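Following: one structure in structure tokens, then a few remarks.
Scope of the values below: all heavy atoms of this structure, side chains included, with no hydrogens, waters or symmetry mates. Treat the numbers as computed from the prediction; the structure is a model and nothing was measured.
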Amino acid sequence: MSDIEEKKKQVIGLYGEMRLSMELHELGWQVHRAYIDEGIDFVITKYYCPKCKKFSNQWIRYAMYNGKNTKCVTNLCEHCKETELQVISRYLQVKTSEGIATHKTEVRTFSFHPKIRYNMGDKVFYIWIAVFDKPHEKLCHFYILNTKDVSKFDNINLDTYQITDNQKTSLTINEHGEVLNKGKNYDYSCFNNRFYNDWNALE
């Protein structure tokens with residue numbers, strides 16, 4: 001790989017991570033990035049109320065102080081206003097790919113190759129981002145998998161498996177984010193009806 005190709009790969013990776021950070025922020029997650037990337041790219045956190053059994057923001061109350069109505073941030077649930085919030089954490093590995101053009105302009109072939117290939121529990125996720133570089137915009141498609149789901153693709157019997165230095169799985173995707181593979185040994189529709197934009201999996 002040339003220096004230019006390597007630089008482009010790094011740039012598209014950063015772009016995908018920035019777009020992901022924005023999506024997570026809109027969903028109420030706080031996004032933290034490690035200085036040294038050793039497999040986990042992001043740690044995301046959210047407040048949770050054990051009494052209400054749901055995620056919550058901190059209750060902001062107002063009280064008189066020196067004759068002024070002053071805002072006070074508490075660590076209490078904004079719903080019940082009495083329970084101390086817990087901090088829920090999730091750990092994310094993120095991978096971004098632009099794919100390779102095919103004979104159809106609206107379809108590209110992507111390599112799906114996560115570094116985490118074993119079940120690391122319910123709190124560790126792999127988010128794979130497929131980017132379509134359109135003339136006037138970049139389309140990002142997000143696929144959210146728990147690590148126990150990722151391990152299913154590290155299988156030499158899959159029709160799409162590629163025996164390389166990092167064991168890739170080849171996926172054909174259209175610009176709407178739909179995985180088009182029709183393998184004999186695996187139902188790839190899970191990418192469309194389960195993993196695609198499945199932000200609820202993080203909760």
Side-chain angles (χ1 to χ4, degrees), residues 12-13 15-29 31 39-42 44 46 48 53-55 88-134 137-162 164 166-203:
I12 196 65
Y15 175 79
E17 290 179 356
M18 286 189 293
R19 286 286 298 270
L20 174 61
S21 297
M22 293 168 61
E23 293 285 339
L24 292 167
H25 179 72
E26 288 294 319
L27 293 168
W29 291 96
V31 182
I40 298 299
D41 299 299
F42 291 151
I44 60 173
K46 218 176 193 182
Y48 180 80
K53 304 295 183 185
K54 60 182 177 181
F55 290 97
I88 302 298
S89 300
R90 300 289 182 262
Y91 307 91
L92 311 179
Q93 182 187 85
V94 183
K95 200 78 171 179
T96 306
S97 177
E98 277 189 302
I100 301 172
T102 67
H103 64 284
K104 295 183 179 180
T105 57
E106 72 280 5
V107 175
R108 296 180 74 85
T109 300
F110 294 84
S111 291
F112 177 84
H113 55 102
K115 295 179 182 177
I116 299 177
R117 298 180 176 276
Y118 44 89
N119 186 354
M120 293 184 65
D122 294 336
K123 296 182 179 180
V124 184
F125 291 83
Y126 175 67
I127 298 186
W128 185 61
I129 309 168
V131 178
F132 276 80
D133 195 358
K134 305 289 286 182
E137 65 176 332
K138 288 185 185 293
L139 301 176
C140 285
H141 301 291
F142 302 93
Y143 305 84
I144 296 91
L145 298 86
N146 185 266
T147 52
K148 64 178 177 291
D149 299 312
V150 172
S151 62
K152 297 175 184 177
F153 295 95
D154 191 18
N155 183 348
I156 196 170
N157 295 314
L158 292 180
D159 305 272
T160 54
Y161 198 79
Q162 302 174 29
T164 64
N166 52 14
Q167 288 101 0
K168 302 174 183 178
T169 295
S170 179
L171 297 177
T172 303
I173 303 175
N174 64 24
E175 63 183 20
H176 303 294
E178 180 184 8
V179 174
L180 304 177
N181 297 69
K182 304 292 183 183
K184 297 178 181 178
N185 299 319
Y186 196 84
D187 181 8
Y188 293 90
S189 65
C190 63
F191 275 91
N192 307 320
N193 55 34
R194 181 180 170 195
F195 302 138
Y196 184 68
N197 284 344
D198 185 19
W199 304 108
N200 289 331
L202 300 174
E203 299 187 355

Heavy-atom pair with the smallest gap, counting every atom of [X] and [Y]:
| X | Y | value |
| --- | --- | --- |
| Gly13 | Thr96 | O-OG1, 3.8 Å |
| Ile129 | Gly16 | CD1-O, 3.3 Å |
| His176 | Tyr196 | O-OH, 3.5 Å |
| Tyr48 | Lys53 | OH-CA, 3.2 Å |
| Thr109 | Thr102 | OG1-CG2, 3.5 Å |
| Ser111 | Ser97 | N-OG, 4.3 Å |

Are the side chains of [Y] and [X] in contact, using a 4.5 Å heavy-atom criterion?
| X | Y | value |
| --- | --- | --- |
| Phe195 | Ile144 | no |
| Phe132 | Ile173 | yes |
| Val179 | Asn174 | no |
| Phe142 | Cys140 | yes |
| Phe42 | Leu20 | yes |

Let me confirm one number: the CG-OG distance from Leu180 to Ser189, rounded to the nearest 0.5 Å.
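Output value for this atom pair is 12.0 Å.
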Could you grab the distance from atom CD of Glu17 to atom CD1 of Ile127, nearest 0.5 Å is fine?
10.5 Å
CA sep, side-chain torsions, deciding dist, call: Leu202, Phe125, side chain to side chain contact (heavy atoms under 4.5 Å, CB included):
CA-CA 8 Å; Leu202 300 174; Phe125 291 83; 3.7 Å; yes
Are Glu203 and Lys46 within salt-bridge range, i.e. N to O under 4.0 Å?
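Looking at Lys46 together with Glu203, the answer is yes, because their closest N to O distance falls below 4.0 Å.
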So does Asp149 pair up with Arg194, basic N to acidic O under 4.0 Å?
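A salt bridge links Asp149 with Arg194.
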Step by step, work out the side chain to side chain contact (heavy atoms under 4.5 Å, CB included) result for Leu92 and Leu24.
CA-CA 11 Å; Leu92 311 179; Leu24 292 167; 3.9 Å; yes
Closer than 3.5 angstrom, by distance alone: can the side chain of His141 be matched with the main-chain N or O of Glu175 as a donor-acceptor pair?
yes
Using modelled atom types and a 3.5 Å cut-off, is there a donor and acceptor pairing between side-chain atoms of Arg90 and backbone atoms of Ile44?
no
Trp128 vs Tyr143 aromatic rings, parallel, tilted or perpendicular, using cut-offs 30° and 60°?
tilted
List the steps and the verdict of salt bridge (charged side-chain N to carboxylate O under 4.0 Å, His left out) for Lys95 and Asp41.
CA-CA 9 Å; Lys95 200 78 171 179; Asp41 299 299; over 6 Å; no
Can you confirm whether more than 12 heavy atoms, excluding those of Lys138, are under 6.0 Å from its NZ atom?
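Counting neighbours around NZ of Lys138, more than 12 heavy atoms of other residues, nucleotides or ligands fall under 6.0 Å, so yes.
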